[in-house]
Structures are given as C-alpha cells and as structure tokens.
2 protein chains.
Amino acid sequence: MTDTDPSQIKGFNRARERAARALLEDYVEMIADLTAEFGEARITEIAARLGVAHPTATKAVARLKREGLAVSRPYRGVFLTETGEALADQVRERHRTVVALLRAVGVPEEVAEIDAEGIEHHVSSRTLEAFEAFLASKAGK
Amino acid sequence: MTDTDPSQIKGFNRARERAARALLEDYVEMIADLTAEFGEARITEIAARLGVAHPTATKAVARLKREGLAVSRPYRGVFLTETGEALADQVRERHRTVVALLRAVGVPEEVAEIDAEGIEHHVSSRTLEAFEAFLASKAGK
DNA sequence: CGAATCTTGTAGCCAAGGCTACATTTCGCA
DNA sequence: TGCGAAATGTAGCCTTGGCTACAAGATTCG
C-alpha cells in the first residue's frame, strides 16, 4: 500500500484534525490578544491564560512555527507571521459574529461568550455568511 | 501533592474532556439510530458509519459499557441502557434544535446538518433553552 | 557583580483515539 | 454437516495533547 488510502485519512481526520484545528486557532487568537495587550506574547502568559502547563504551550508554539503561523527566538516572546495574523483576524471576527448571533437569538451574554468558544471552531464559512446576513437584516429593522 | 490540584484538572479538561464528551455522544446517537433501524447495533456497522476501523469502535463501546451507557455480549450487538437511551434522546433532540436554529437564521439545509454535527456538542443547556424560545417565538409569528 | 528568582527549554511519561495484523467465533450455504 | 467468509475480539504501535521534573538562560537587586 504505497498510495494514500482515503478511508484511513477520513478516520484520522475525524476527531483528530477537528480538535487540532481548534487548538491552533485558540493559540493563534491568544497570541494575537497578548501581543495587542503587551506588545509580545510570552510562553508563560500563553500557558496561564489557556490553563495549561508551560511545556504544553511550548509544544503548541513549536507546531505553530512549523506551520508558518508564528516565529520566536529562545527566551524571547512569540510573534505571529503575516499568515498567523490573518488567521487570528479571521478567528476573532468569527468569534465576534458567533457571539453576536447567539445574543441575537436570546442567549445571555456570559453564556454566549463561553459557548462561542466551543462553537466557533465548527462554524463553516457558509454558516458564517448566513449569520452575518441574519445580523445585518436584524440591525436594519 | 496528595490532593487534587484544580489548575491541573482545568488543563486536563480543556481539549480532553471536550473531545471525549463529543465522542461519547456520537457513539450513543449512532447506536440509537442503528437500533431503531435494525433492532440492534453491530460493531462493524457502528464503525463503518462513523468512519473508523472496527477496533476503534470496540474500544469506544467498551468505554460506554464502563460508563453504564450500553451493554453487549461478545459477538452480539450493542444496546443502550436506560441511561444511554436518555442521553441519546437528549442528544438527538438537541441536534434537531440546533439544525432548526441554523435553518431559522438562514443557513442552507445541507450546511446546517453538517455544521450542527460539530456545533451541537458545545451548546449548553441555557443556550439550548434560548434556541427553543427563539424558535417558538418565530413559529408563533 | 553575583545570587536568588523567574522564565524557557528539554526529557520523558501517561491517556486516549486511531490503525494494522492476527486470532476467534458466527453464520450462510453448498 | 462442514467450510469459507464475515464479524468480533485482542494485541500492540503511533500520534498528540497534557503533565511533572529538572536543566539552563534571563532578570532583578542588594
């Protein structure tokens, strides 16, 4: 079996890639937030805010670097690349939209923030468009 | 460190329990569907529909049994316990509600079905209530 | 300037979901 | 009835996110 078996990939993708993408997005978003707030994102701070031990954050950042989303030098802060920034913007925008949508259908603010964290990673672009259109029409009324 | 450190649990919960709960729910829902359709749920069928190899499904079912959600005898089908049935009902009801909500805000049907799969596991009870209320008010108009 | 302290990096282990390979048990049918 | 195919079970490995423990590079300040 030298070529790639689709059925295997499907299984691999299932829970795996789903979770992996969510994780990447969380880290990128957090780095963007910290950079905006402090001018840089330190490993310790990233770990603390995401509620994980620092080696866990180190590993994740290594992955971000591998994927070209971030750069860093030993003992210095972590910064997003242009690609990383773009992803962060997209993620934050989507987060805002999801929260707004939830609020628009009557979800209490605190709950909306919390649930959006989990939900946002599963909102496809088409669903996002629908959300935006719905919010726009509602605003127009 | 003999007592339980909360910060550690938080980390453990993060991606872990999130994914674990979604997985359990997917399996329970699938078993319920298959039982409704064929009178029993076979490991092979469960695995096929969830797109995983059968040993993977076997492991998951073992976990369901451990948690008291299902029962099974070797080389026989898998069945849900009352607790499992209750969870399945809840999961399916929530799935329906999420799909309905998505449709109500303008998401195309096929997309709604797909995205609901990922979203539903992150919808808290309070958000679900809000969805139901929103749908009810909309129906009333 | 040097030591205590704080921040990072590295090594190494665990649990869990996935998979493949191989052993067993059932089942369908000639 | 008996055998081969199909369905399950079991063993064992990989990857990944998490964690702890320990090593090593920054920092701060007396």
Subject >> Nearest-nucleotide comparison on DNA chain D, the residue closer to the 5′ end among P55(A) and Y75(B) >> reply: Y75(B)
Subject >> Residue whose closest nucleotide on DNA chain D lies nearer the 5' end, A41(B) versus A60(A) >> reply: A41(B)
When the distance from [atom1] of [X] to [atom2] of [N] is rounded to whole Å, what number comes out?
X	N	atom1	atom2	value
E40(A)	dT7(C)	CD	P	12 Å
L23(B)	dA15(C)	CG	P	18 Å
L24(A)	dT16(D)	CG	C1'	12 Å
R21(A)	dG17(D)	CZ	C1'	18 Å
K59(B)	dT8(D)	NZ	C1'	15 Å
R63(A)	dT15(D)	CZ	P	14 Å
I46(B)	dA7(D)	CD1	C1'	12 Å
E45(B)	dA7(D)	CD	P	9 Å

Look at the side-chain N and O atoms of [X] and state whether any lies under 4.0 Å from the OP1 or OP2 oxygen of [N].
X	N	value
T58(B)	dT10(D)	no
T56(B)	dC19(C)	yes
R73(A)	dT8(C)	no
R42(A)	dT8(C)	yes

Original post:
Is it the case that more than 12 heavy atoms not belonging to E110(A) sit under 6.0 Å from its CD atom?
Top reply: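 Yes, because the 6.0 Å sphere around CD of E110(A) holds more than 12 heavy atoms from other groups.
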Original post:
Going by atom types alone, do E25(A) and H121(A) pair a side-chain donor with an acceptor below 3.5 Å?
Top reply: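 Yes - a donor-acceptor pair under 3.5 Å links their side chains.
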Original post:
Are any of the side-chain heavy atoms of E45(B) and E37(B) separated by less than 4.5 Å?
Top reply: no
Original post:
Are the side chains of L50(B) and T56(B) in touch, meaning some heavy atoms are under 4.5 Å apart?
Top reply: no
**OP:** Specify whether H122(A) and H122(B) have parallel, tilted or perpendicular ring planes, treating 30° as the upper limit for parallel and 60° as the lower limit for perpendicular.
**Re:**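 Because their plane-to-plane angle is under 30°, the rings of H122(A) and H122(B) count as parallel.
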**OP:** Just compare dC19(D), dT26(C), dG17(C) and give me whichever is closest to any side-chain atom of R76(B).
**Re:**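 Out of dC19(D), dT26(C), dG17(C), the nucleotide with an atom closest to R76(B)'s side chain is dT26(C).
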**OP:** Among the candidates dG18(D), dG9(C), dG18(C), find the nucleotide nearest to the side-chain atoms of Y27(A).
**Re:**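 Nearest nucleotide to the side chain: dG18(D).
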Subject >> Face-to-face contact H54(A) to dT7(C) six-ring, under 5.5 Å, under 30° >> reply: no
